[in-house]
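Worksheet: one structure, shown below.
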Amino acid sequence: MKKLLKEKGIKQIELASQLNISKQALYYKIKSWEEKRRGFTIGDLTKIANILNKDLNFFI
């Protein structure tokens, strides 16, 4: 996730704002998701996929 954000030139604070969550909440969700634990809802992942111009299946 962090690599994709960097590639797209999107800062975590910008993504957090678009998801209507705090930067700290986003950090926790990214960390949890990368560790294969809970993290993002399907709604969050759909928004992120749209923002990053990726297919939703990329994140599932």
Side-chain angles (χ1 to χ4, degrees):
M1 180 76 64
K2 293 175 189 174
K3 182 179 177 183
L4 282 174
L5 291 172
K6 188 173 183 175
E7 288 174 2
K8 296 288 184 177
I10 298 173
K11 296 181 179 181
Q12 286 187 16
I13 192 73
E14 295 169 337
L15 181 59
S17 176
Q18 291 185 36
L19 294 174
N20 294 319
I21 60 175
S22 70
K23 183 179 177 184
Q24 292 81 9
L26 178 64
Y27 174 80
Y28 175 77
K29 286 181 176 235
I30 289 174
K31 184 176 177 171
S32 295
W33 182 76
E34 288 177 342
E35 293 173 354
K36 307 290 187 224
R37 295 184 290 144
R38 295 180 81 193
F40 295 103
T41 65
I42 195 70
D44 289 340
L45 289 175
T46 300
K47 289 178 186 177
I48 292 168
N50 288 331
I51 292 166
L52 298 177
N53 198 28
K54 291 283 187 184
D55 187 272
L56 178 60
N57 290 323
F58 178 83
F59 298 101
I60 298 176

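Predicted, not measured: the structure shown is a model, and the values here were computed from it.
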Notebook entry, point to check: Which heavy atom in Gly9 sits nearest to a heavy atom in Glu14, and how many Å separate them?
Noted result: O-OE1, 4.0 Å
Notebook entry, point to check: What distance do Ile13 atom CD1 and Gln24 atom CD have between them, rounded to the nearest 0.5 Å?
Noted result: 7.5 Å
Checklist line | Approximate separation, where rounding is to 0.5 Å, of Gln12 CD and Lys29 NZ | finding: 13.5 Å
Margin query: Looking at every non-hydrogen atom in both residues, tell me the closest pair between Ser32 and Gly39 and how far apart they are.
Written below: CB-CA, 4.0 Å
Check: Hey, is CG on Asn53 packed in by over 12 heavy atoms from elsewhere, all under 6.0 Å?
Finding: no
Check: Just wondering, do Tyr28 and Arg38 contact through their side chains at under 4.5 Å, heavy atoms?
Finding: no
Item checked: Co-members of the apolar cluster containing Ile51 [side chain, <4.5 Å] -> Met1, Leu4, Leu5, Ile10, Leu15, Leu19, Ile21, Leu26, Ile30, Trp33, Phe40, Ile42, Leu45, Ile48, Leu52, Leu56, Phe58, Phe59, Ile60
